[in-house]
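Working notes, beginning with the structure itself.
These numbers were taken from a predicted model, which means no experiment stands behind them. Numbered from 1 within each chain, the chains take letters A, B, ... in sequence-line order.
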Amino acid sequence: MEERRFGRRLVLASVLAAAGALAASGTALAQQEHVGQYSQADINFGMSLYGDNCVSCHGPGGDGVDGVNLRSGQFRAASSDYELEQIISNGIPDTAMLPGNYNEAELAGLVAYLRMMGSLDASDATIGDAARGEALYNGKGDCASCHRIGGAGSRTGPDLSDIANYRTAGAMSGTLVDPTEAMVPINRTVRIVAGDGTRYEGRRLNEDTYTVQIVDENERLVSLVKADLREYEILTESSMPSYADTLTEQERADVLAYLLTLKGVG
Amino acid sequence: MKRLAQCTFLAGLLLASAALVQAQGGGVTFERLLDAAAEPHNWLTYSGGYHSNRHTALDRITPDNVDDLEVRWVFQAQSLQVFQTTPLVVDGVMYLTEPPNTVVALDAALGRVFWRYEYTPAPTSRPCCGRVNRGLAILGDTLYMGTIDAQLIAIDTVSGKPIWKTAVGDPEDGHALTLAPLIVKDKVIVGIAGGEFGIRGFISAYDAETGEEVWKFYTIPGPGEPGHETWENDAWRTGGAPAWLTGSYDAQADLVYWGTGNPGPDWNPAQRPGDNLYSSSVVALDPDTGELAWHFQFTPNDPYDYDSVQVPVLVDYPAQGGGTLPLMFWANRNGFFYVLDRTTGRFINGQPYVFLNWAEGLDDAGRPVMTPQPPGATTYPGVQGGTNWYSPSYSPSTRLFYLSAWEAYGSRFIPQEAEYERGRIFLGGLPAPDDPDNVIPGLQRGVINNWTEAAGTGAVIALDPATGEERWKYEMTDVTSSGVLTTATDVLFTGGREGYFHALDAREGNLLWKATLGGMIANGPISYAVDGEQFVAVAAGNGLFVFALRE
C-alpha cells in the first residue's frame, strides 16, 4: 500500500491504516498484563465507561438492543477495532446509537471491554477511586516533584494535564509499574556536554539529524546543535521510579483512575 | 503560445541573461521525450527521462558553489495534504499538481502563476493513503493528470482547460490514480491504485488525442491466462496487485516497465495461496498492445505489503569488454537491491541493502528463500519497507545508485481473516510496531519529530551496482520519504521528514549544504534551467521551494 500519514490517533488508525504506516503506537496491544491483546487496565476502564454510558441501552449483558449482542464479540457494523472506534465516536446514522466524544484512553478502554465482555467475570475488575488517587499523587507518590498538572508542580517530567487524551489506561498502568519499559522513546533523558564544557541533563522534546531540543533539570528549554557537542548520550532508563513496590495494587488503580480524569482545559 | 513566450522573454530580461528559450513548435513531441537528455534545461517526465535515473546534465551548481544556493521563489499550495508532486518544466514554464487534483502553470524563473485548474474528485473517492498526486505527463500541448477518483484528464497547456476526461476505474470499487501518467508514442499509460480494497489491479493505455482506451493489462491473469495457476482459489478476483507508481520505457527494446503492488488482503497470505502473479513484481509490456513480454516477481505470495512499487531505473551499464549492458536497477521495498537484464527479465544479481530477516537470500533465479519469523517476532524491514516509492537516482558520472532507505526498522505481522466487501478496506490484519511495549510513532509529521532511534533511522545509501555493495551512507535521525537527484557535477540533492533539504557530495556522501524548509519532503527534487540559470526545486510541507545560485 502507499504510504499513510496518521493523525495523532494512530492506534486506531493502525487497523485501517493498515494502510501501511502502521508503526502503530501505544495501542492496547502494547501493554503488560494482557488479556489476549488487551490490557487489564483498559478493560477495567472500559467496563466503568460502559456502566456510565452504554448500559442504559445495551444492558448489563450487552444484549439490550434488539439484534445486537455485544458480548458475542461479533459486530454487524464493525470487524476491526478501528471500525468499532468509528462507531463509538460517530454513532450509527438514523438510530439511537448516537455519536460520542471520547478521547484516546476512553476509546481504547471501550473497545477492549467490548472485545472481552464475553469472556470476563465482572468481579475481576479493580477500578480505582480518582479522589484517593489525587491524594496519592500529591502525597505518598510525590508525583508533583517531577510532573505538572494545571500549572502546578515540576516540569522535569511530562506535563500530565491532559494525559488521558493521548495515553491509554494500559499505557499509564504500565508506566506506574515499569516506567523504563513503558517509556515513549521521545521522552528519554539525554546527557550532554556542550562544546564549552557546559553540562546538561534533561528530557528530550525533539530531535533531528543536526539538532536536539530538551527541557533541562532547571526546567529551561535548551536547543543545541549536535555537531558542536563534546558528548551526547541518550539514556534508555527512565528517571521515574517504579511504583510496583511503593504503592499497592489498589493504590496504583486509584492513581490511574485519577490520571484518567486528566483531560486538560480543552 | 504567444503569451508564454513573451513572459519567458520578460523573465529573461529581468535576469539580464543572454539566451532566450523559445517554446518549440508542436509542443513536447514524443521525439523530444525520447531525447529528454538533450534538453537538460527541461524536466519532461516524472522521472526526468524514460530511463528514470533522475540525473541532470546541468552543471552550474557544483560542490564548490552549492553553498551559494538561495531561495529564489516559493509556491504555497492551498491544500494541506502531503505534497508528493514532481513538477514538469517545459521551456520556462513549470506545471505541477497540488493535492488532490489541481494543476498549476507557473513561470519557472519567477514563480508567478499563469493559470490554475481545479478538479473536484467525486466524494466517493477513497485513496488508501491520502488524497495525493505525484504529477503530470505532457505530450504536444496537452497535460495529463490521473485523479483520486480514477479519472484521466487531458488539459490544455496554455489555457489550463480540460479537453477530455476518461474513467479509468470506479472509485466505488476503491480505484484511484495517484501517479503521474507515462506517455509512450501516442498513448497515455497509467496504473491503478487500490490494493487495500480488494481490486484486481491493472495498467492501461489511452489514446492521447481522444482519451479512448487502447489496451488494459490486468496485473492478475484471469482464468486460462498464463500465471492464473498462481492463484489457487478465487482470490484472484480480489487479489490487489495495484500499479500506483509511474513506470519507465526503453525505446530500443520497445518495452514499458512497471512495478506492481501487494496482493490482497495485504497481511493474510493464507487467504490467497500461491505465488500470486503478478503482484509485487515488475512487468515488461509492449506499449502498443499491452502484451506481457516478461515478468519478474520480487516477493512471491507477499505477506508483508512489500509493494514492488518503485520506479524502474534503466541503465546502459558499461560492460567489461566494452559496449554496454541493458540493465534495470531496482532497490525493492523488500530490502534487496536487484540487477536485471531489462530485455529478458533475467535476474543477474541481488543483495540486501538494509538489515532484513524475512529471507535468507535469493536463489540463482532471484527468488527469495523465505524465512518467516515466528508469531510475535519482528520482521525486517517493517511494513513500510527498506525503501518505498521514493525515486532513486543513478549517476553515469559516479556509476553509483542512490536511494532513500529506512534502516533498523521492523514490524510484527499479525494475520487476520478478512472478508471482501466492495469498496471497503481488505487488509487481513494489522502490522504492529516491533517493540510492543514502546509507543512508537507512525508517519505523522508535525513540527515535533515523533520518530526516534528506537523505531529505526533514515539514510541515503550509495550502492555500487556492479557488486550491490554499499559505497557510502548518509544517516538521518528521522526516516525519509524523499526522492534523490544527482547532477553531472556530482552533487546529490535529497531531503527528509525533518524538513531539511540536503546537498551531499555524490562521490563520498559528505554534507555540502543544507536548508531548513520546515516541512517534510515527500517528493523528488528536480533541476532545470531558464536562460542558462540552473534551478533546483523541491516541495516541503505545503510549499514548493526553488533555489538558484546567488547572483
Specify the closest pair of heavy atoms between Thr477(B) and Thr209(A), including all atoms of both residues, with the distance to one decimal.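 Distance-wise, the nearest heavy atoms are N-OG1, 3.0 Å.
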
With a 4.5 angstrom heavy-atom cut-off, could you sort out which part of [X] is near chain A: side chain, backbone, both or neither?
X: Leu511(B); answer: side chain
X: Glu475(B); answer: backbone
X: Tyr390(B); answer: side chain
X: Tyr474(B); answer: side chain
X: Thr457(B); answer: neither

Classify the ring geometry between Tyr210(A) and Tyr500(B) as parallel (under 30°), tilted (30 to 60°) or perpendicular (over 60°).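 The rings of Tyr210(A) and Tyr500(B) stand perpendicular, inter-plane angle above 60°.
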
Let's test your reading of the structure: which of Glu419(B), Lys514(B), Met476(B) forms the most heavy-atom pairs below 4.5 Å with chain A?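 Result: the option with the highest number of such pairs is Lys514(B).
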
Name all residues meeting the side-chain hydrogen bond (donor to acceptor under 3.5 Å, both in side chains) criterion together with Thr494(B); count only those two or more places apart in sequence or in a different chain, and write none if there are none.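 Once residues adjacent in sequence are excluded, the partners of Thr494(B) under the side-chain hydrogen bond (donor to acceptor under 3.5 Å, both in side chains) criterion are Ser482(B).
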
Any side-chain heavy-atom pair of Glu83(A) and Arg424(B) under 4.5 Å: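 Counting from C-beta outward, Glu83(A) and Arg424(B) do come under 4.5 Å.
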
Enclosure of Asp245(A) CG (heavy-atom neighbours >12, cutoff 6.0 Å):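 No.
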
